[in-house]
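Heads up: the structure comes next, in structure tokens.
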Amino acid sequence: MKISSIILSGGRATRMGGMDKGLVKLNDKPLISHVIERLSPQVDELFINANREVEKYNGYNVPVLQDQHSGFIGPLAGFYLGLNAATHDYVLMVPCDSPLLHEDLASTLLAALLDEDADIAVAKSDGNTHPVFCLCKKSMLPSLSAFIESGERKVSTWQKSLNYIEVDFSKPNAEGVTEAFINLNTASDLEDLAALLNESPTIKQTKPIKPSKQIDQLAKLVADPTGMEDYDPNAMSVENARKYIAQFLNPVAETETLSIRACLGRVISNDILSPANVPNYDNSAMDGYAFHADSLSVADKGLTVIGTVLAGQAFEGTVNKGECVRIMTGAMLPNGTDTVVMQERTTRDGDVMHLTEAPKPTMNVRYAGEDIQLNQAVLKSGHLMKPADIGLIASLGIPGLEVFRRLKVAIFSTGDELVSLGKPLEQGQVYDSNRYTLFGMLARLGVEMIDLGAIPDDPALLKNTMLKAAEVADVVITSGGVSVGEADYMKQLLTEHGEVMFWKLAMKPGRPLAYGKIITDHNQSAHYFGLPGNPVAVMVTFYQFVREALLRIMGQAAPAQLPMFNVTCTEKIRKMTGRTEFQRGICYIDDGGDWKVKPTGAQGSAILSSMSAANCFIILDETVGNLAAGSTVKVQVLDGLV
Ligand code: AMP
Ligand code: MG
């Protein structure tokens, strides 16, 4: 099966400063040349679509086609040219700013297209579709023509009007870079990429932790849990369950190198050592005058101003006793100086500066290495990258970092009563809300999600789904079916296909909970969290157990607990002793300006609106009973998470 291909370089590239994008250089070679190199071995015929600097594009021995539609109508103009000019049945479109495109882009798209008998196959990665990376049947030309004629311009609208499929490329390319679909729109995007490529990124394999060892350990505990302190499966405390789970969690084995922007929210897998002192040189903390402290003894006559030094400059020459240099904040201290006086404490008389208030010797100087010293570990392995961290790394001139790969989490709901959205509810049915709350909570953690839908309480279906989930994911999370009801099959299934413990936790909501490992027939294993079915219980158990566990598997060395503090509750609370309760609360500022908390109202574990209204959990320990208004309670803040 032969493939034609067109490289789309006909856009205006306004954000590249007007320069034609394909001609912008990456590591001394125009982007178009990178793309031609990667594409030529994959296809049987190649075209370029360009509208400006056609002479230059002509230099690549590839036919250059100019838009036949007037007024830069976007990528569809290039699609049209490609479909029109192709002498083969299948046409691959790629943009000119894709120097890292996958080496099997064409073959993978074609295989999927043929497999599914589709008209167009579009690449996607990590949940994002990339409409301008697509393979299309040449026979779609009349459809495209009519679409453009009708005045429509949106690429994805046309694509979705066809027999359309998406093909997943969430995998590293030959260089080990997972940013093959990176968009190079600005000069700084290009700069980041060039820096990263110069570091020659590769997927690095850290020493894998043998899962079988942990499974043996888990199996032993499942068989004889008495080795665990305070173990009582019928009333497991929250704290014990958390500790128990933590012993089976290790970071994913693989790491990858990403440009620092892409590291936001990811966990680093190495210590980062500073390649330099920060600041790199002694400099002034003030706008003022620099001189040597010895000059203070002669300063009543005034100091002669012998020059000026601005930030980014170096003062040539040496400053002697009785002399000074006008200096700006951040400027390098001239030779012979060690003290700065701020401008406001001086007067100026021609070339002479007088002190109105003498500074202490060595005042107002920021010393080299004061912030960070050369070779100091600025961030430790296992650190989750926040905005300040990527700024810190940039301040050291480091363009990319090695991070743990993204975690893959598969989810499915269980229950005969569950109905998907868009269908009417029959008697006794409920809409499946748990997959939506799980989606939201997992999205906040930046994991890759595999949603396997709502599965009826049918042992064969549940088994297949569970094993499929374990094949593709690091972690499998289900809701429902872990209790002791008639149709609660998960326990039976997991005793056959894994090592799992089921607990009745001494908490409300969230009594039934399962943790363990699923082991497939191919000996692949995945962590398993079986959450209760009740919608509020799903959220409570997720925040109390699953969130921290996932962060550990993502590589975080010491995941921070959600913030907790004590605060006065302004309403009475009903509570039974003997179990920990996570009531939903609203923290608010009262008229006096103090933080207070009150419960959200009805607290049933199926009442999701109580969770929607809440910004915190009110955590009431096992020993606590009913509380009067005005009692002090412990709250765990959720705002920004729920
Ligand atoms: P289970 O743990 O399967 O016995 O379910 C407990 C309760 O949660 C039942 O009332 C279920 O109908 C409800 N439930 C289970 N799964 C879901 C879901 N995905 N969405 C909404 N409610 C659910
Ligand atoms: Mg159920």
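Residue numbers start at 1 and run along the sequence shown. Computed over heavy atoms, backbone and side chain alike; hydrogens, waters and symmetry mates excluded. When a ligand or atom number is given, it counts from 1 through the structure's own listing order.
Legend: residues meeting salt bridge (charged side-chain N to carboxylate O under 4.0 Å, His left out) with D104, ordered by chain and number and at least two apart, are K171.
Looking at ligand 1, you'll find an N or O of G481 within less than 3.5 Å of one of its N or O atoms. On a distance-only criterion, N534 and ligand 1 share at least one N/O pair closer than 3.5 Å. Polar contact check, S483 against ligand 1: no nitrogen or oxygen pair lies under 3.5 Å apart.
Taking a cutoff of 4.0 Å between a charged side-chain nitrogen and a carboxylate oxygen, K124 and D168 do not qualify as a salt bridge. Under the 4.0 Å criterion applied to side-chain N and carboxylate O atoms, D474 and K408 are not assigned as salt-bridge partners. A salt bridge does not link E152 with K154: none of the charged nitrogens is closer than 4.0 Å to a carboxylate oxygen. For K517 and E499, the salt-bridge test fails: no basic side-chain N is under 4.0 Å from an acidic carboxylate O.
Heavy-atom proximity to Y431, at under 4.0 Å, picks out these atoms of ligand 1: 20 (N), 21 (C). Taking a cut-off of under 4.0 Å to the non-hydrogen atoms of S413, the atoms of ligand 1 that pass are 19 (N).
D416 places none of its side-chain heavy atoms less than 4.5 Å from the side chain of L418.
The residue V482 has no part lying near ligand 1, judged by heavy-atom distances below 4.0 Å.
Considering only non-hydrogen protein atoms, atom 20 (N) of ligand 1 sits nearest to S433 N, 3.1 Å. Nearest to atom 12 (O) of ligand 1 among the protein's heavy atoms is E417 OE2, 2.6 Å. Summary of contacts: the protein heavy atom closest to atom 22 (N) of ligand 1 is P535 CG, 3.8 Å. Atom 4 (O) of ligand 1 has as its closest protein heavy atom D488 OD1, 4.1 Å. Protein heavy atom at the shortest distance from atom 5 (O) of ligand 1 is G533 CA, 3.6 Å. For atom 19 (N) of ligand 1, the nearest non-hydrogen atom of the protein is D432 OD1, 2.7 Å. The closest protein non-hydrogen atom to atom 18 (C) of ligand 1 is N434 ND2, 3.1 Å.
Under the 3.5 Å distance criterion, with hydrogens and angles disregarded, no donor-acceptor pair is assigned to the side chains of T568 and W595.
For K598 and Y588, the positive end sits near the middle of the six-membered ring, less than 6.0 Å away and at most 45° from its axis.
Taking a 6.0 Å sphere around CE of M564, one finds it holds more than 12 heavy atoms contributed by other residues, nucleotides or ligands.
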